[in-house]
Amino acid sequence: MKDGKLKTVYVCSNCGETSPRWMGRCPSCGEWNTMVEDVVVPEPKSAARKAAGARPAGVTSLVADRLSSISTTEEKSRIVTGISELDRVLGGGVVLGSVVLLGGEPGAGKSTLLLQLCGAISRQHEVLYITGEESTRQIKLRANRLKVAQENISLAAETEIDEICGLIEQAKPELVVIDSIQTMHSSDVSSSAGSVSQVKECTARLLAVAKAHEIPTFIVGHVNKDGAIAGPKVMEHIVDTVLYFEGDKTLPYRVLRAAKNRYGSTNEIGMFDMTGSGLAEIENPSQLLLEGRPLGTSGNCVACTMEGTRPILSEVQALVTKSSFNVPRRTASGFDFNRANLLVAVLEKRAGYFFGSLDVYLNIVGGLQLDETACDLSVCLAMVSSLLDQPIGDKTVAIGEVGLGGEVRSVTFLETRLREAQRIGFNKAIVPKHNLKQLNVKEFYGLELVGVSYLREAINAIK
Ligand SMILES: Nc1ncnc2c1ncn2[C@@H]1O[C@H](COP(=O)(O)OP(=O)(O)OP(=O)(O)O)[C@@H](O)[C@H]1O
Ligand SMILES: [Mg+2]
Ligand SMILES: [Zn+2]
């Protein structure tokens, strides 16, 4: 390697494609402006191998194990952190030997979350926290503020990856945190820290150590301006789990979401509140989202969406007004725009409510994105309520998918959704009639269940 001359190449930061010259558009993935300059040592052509000719048939030192002979014990394969929002997103705790990439905007709270994770498990487990961004003193100050137990947490400020891997192998901790991958570098790669080849190399080395010693490793990754983890896409392919920590300055909470998980569902979300003493779990998101909503106002309807296995009640707001434009304005925030237009068309054609020249503004309060078709019915009812200027009862929830024929179709997890509505104190639920057959209506004491087959019936139920 030493005699290899340095070579400048351009690497796509999205897919890792290389090219000897700069290009505006990556030929491999088609993204614009993703080619960045990088320096590499060209791999020596393995002349020896070429000279040796073809591989001899049937010669190997590799042995395959039978699946049945590989031992695992389920209860020992995960560490339950006790931070239930995090455990749920991970699929029931941290899997031994797994490598988790945590991405998020600057200041989202990545370091805070991981330090709290260290604190939570450090009573039973040895933890090693490697920081390349902050000094150990700064981490100490944060740990004091978060009031985490400090006994079993070891800290090191280092950015050279071989030093770090050596320390992990020597100290054999039960959990490792690397904050962040963009500050790490390997002296075998000539480009600067944070470049595509450095990030790739450092991730691969950490992965090898994590797998060999079954040490779960959390790696912090910064995100680029599009919100994706900065660095090659290959990094996301080689790790086991990719989590995003999303925090908007305008939202009262932060959401932890899995973009990929080899050991659990990616539907689950974890919700946290950033407080002076760290991240607090939000155990009751429905309550938070419904807090302070206007009562007795037209255009509001409550929907119930499933985020993974958890039902969350959320308020849908619609405002239908006379338009001052030639073409009426339609906007939807937190709900799919095309779906909203489709529902307007269904209301016009199948239920006889006309929005023709009226502006329709749709908003989901609290910043949640309602992607589920089970929220269709409450969106329709909110729009009709605004159109007629007729409020819907404050304690009414509407659940159901709306079809093009104006029919209200069954949804999944109706029972779970209704239990949530009952728990929060709702007294009326408008639900698909088909679904009712599967329910034991007597179980929903205090919650009147109104089964509807068509949109018209649902609208009559709120009048
Ligand atoms: N004293 C404090 N009181 C309340 N909140 C605080 C306090 N100090 C920091 N925070 C919160 O913590 C957030 C920063 O958290 P953290 O450093 O964990 O983020 P990060 O994702 O690691 O950021 P970076 O990408 O810069 O490393 C701030 O945005 C702020 O909301
Ligand atoms: Mg940080
Ligand atoms: Zn590309």
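Remember, it's 1-based here, ligands and their atoms both numbered in the order they're listed. Only this structure's heavy atoms are used, side chains among them; waters, hydrogens and symmetry mates stay out.
Atom 26 (O) of ligand 1 has its nearest heavy-atom neighbour, among G107, S180, G103, in G107. When the heavy atoms of E105, R145, K110 are ranked by distance to atom 9 (C) of ligand 1, first place goes to R145.
Defined by atom type and a distance below 3.5 Å, a donor-acceptor pair is present between the side-chain atoms of S286 and E420. For S191 and S197, the side-chain atoms include at least one donor-acceptor pair closer than 3.5 Å. S186 and Q198 form no side-chain donor-acceptor contact under 3.5 Å, judged by distance and modelled atom types alone. For the residue pair N261 and T241, a side-chain donor N or O sits within less than 3.5 Å of a side-chain acceptor on the partner.
Ligand-side atoms of ligand 1 in range of H222: 25 (O), range being under 4.0 angstrom from any heavy atom. Interface atoms of ligand 1 facing G276, defined by a heavy-atom separation under 4.0 Å, are 3 (N), 4 (C). Proximity to S111 (heavy-atom distance under 4.0 Å) selects the following atoms of ligand 1: 18 (O), 20 (P), 22 (O), 27 (O). Atoms of ligand 1 lying under 4.0 Å from at least one heavy atom of E133, given by number and element, are 27 (O). Atoms of ligand 1 found under 4.0 Å from any heavy atom of R142 (numbered from 1 in listed order, with element): 17 (O). Residue T112 has at least one heavy-atom neighbour below 4.0 Å for each of these atoms of ligand 1: 15 (O), 16 (P), 18 (O). For ligand 1, the atoms sitting less than 4.0 Å from at least one non-hydrogen atom of P106 are 25 (O), numbered in the order shown with element in parentheses.
Judged by distance alone, the side chain of R25 and the main-chain N or O of N33 form no donor-acceptor pair under 3.5 Å. No side-chain donor-acceptor contact under 3.5 Å links E246 to the backbone of V255. Put simply, the side chain of K172 gets close to the backbone of E169: a donor and an acceptor are under 3.5 Å apart.
For E134, the closest heavy-atom approach to ligand 1 does not fall below 4.0 Å. Judged by the shortest distance from any of its heavy atoms, R254 lies inside the 4.0 Å radius around the atoms of ligand 1. Not close to ligand 1: G104, with no non-hydrogen atom less than 4.0 angstrom away.
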TODO: Please lay out, stage by stage, how N363 and E315 fare under the test side chain to side chain donor-acceptor pair (under 3.5 Å).
DONE: CA-CA 9 Å; N363 179 39; E315 186 193 355; over 6 Å; no
TODO: Start with the C-alpha gap between T183 and E133, add the side-chain angles, then the distance that decides, and say whether side chain to side chain donor-acceptor pair (under 3.5 Å) holds.
DONE: CA-CA 7 Å; T183 56; E133 299 199 330; 5.1 Å; no
Open item on the list: Test salt bridge (Lys or Arg N to Asp or Glu O under 4.0 Å) on D188 and R205; report intermediate values, then the result.
Closed with: CA-CA 12 Å; D188 295 341; R205 293 198 187 184; 3.0 Å; yes
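No part of Q116 comes within 4.0 Å of ligand 1, judged by heavy-atom distances. Using a 4.0 Å cut-off between heavy atoms, M274 contacts ligand 1 through its side chain alone, with no backbone atom that close.
Here the angle centred on the Zn ion (ligand 3), running from SG of C12 over to SG of C29, is 110°, rounded to 10°.
Taking backbone and side chain together, S111 holds an N, O or S atom under 2.8 Å from the Mg ion (ligand 2).
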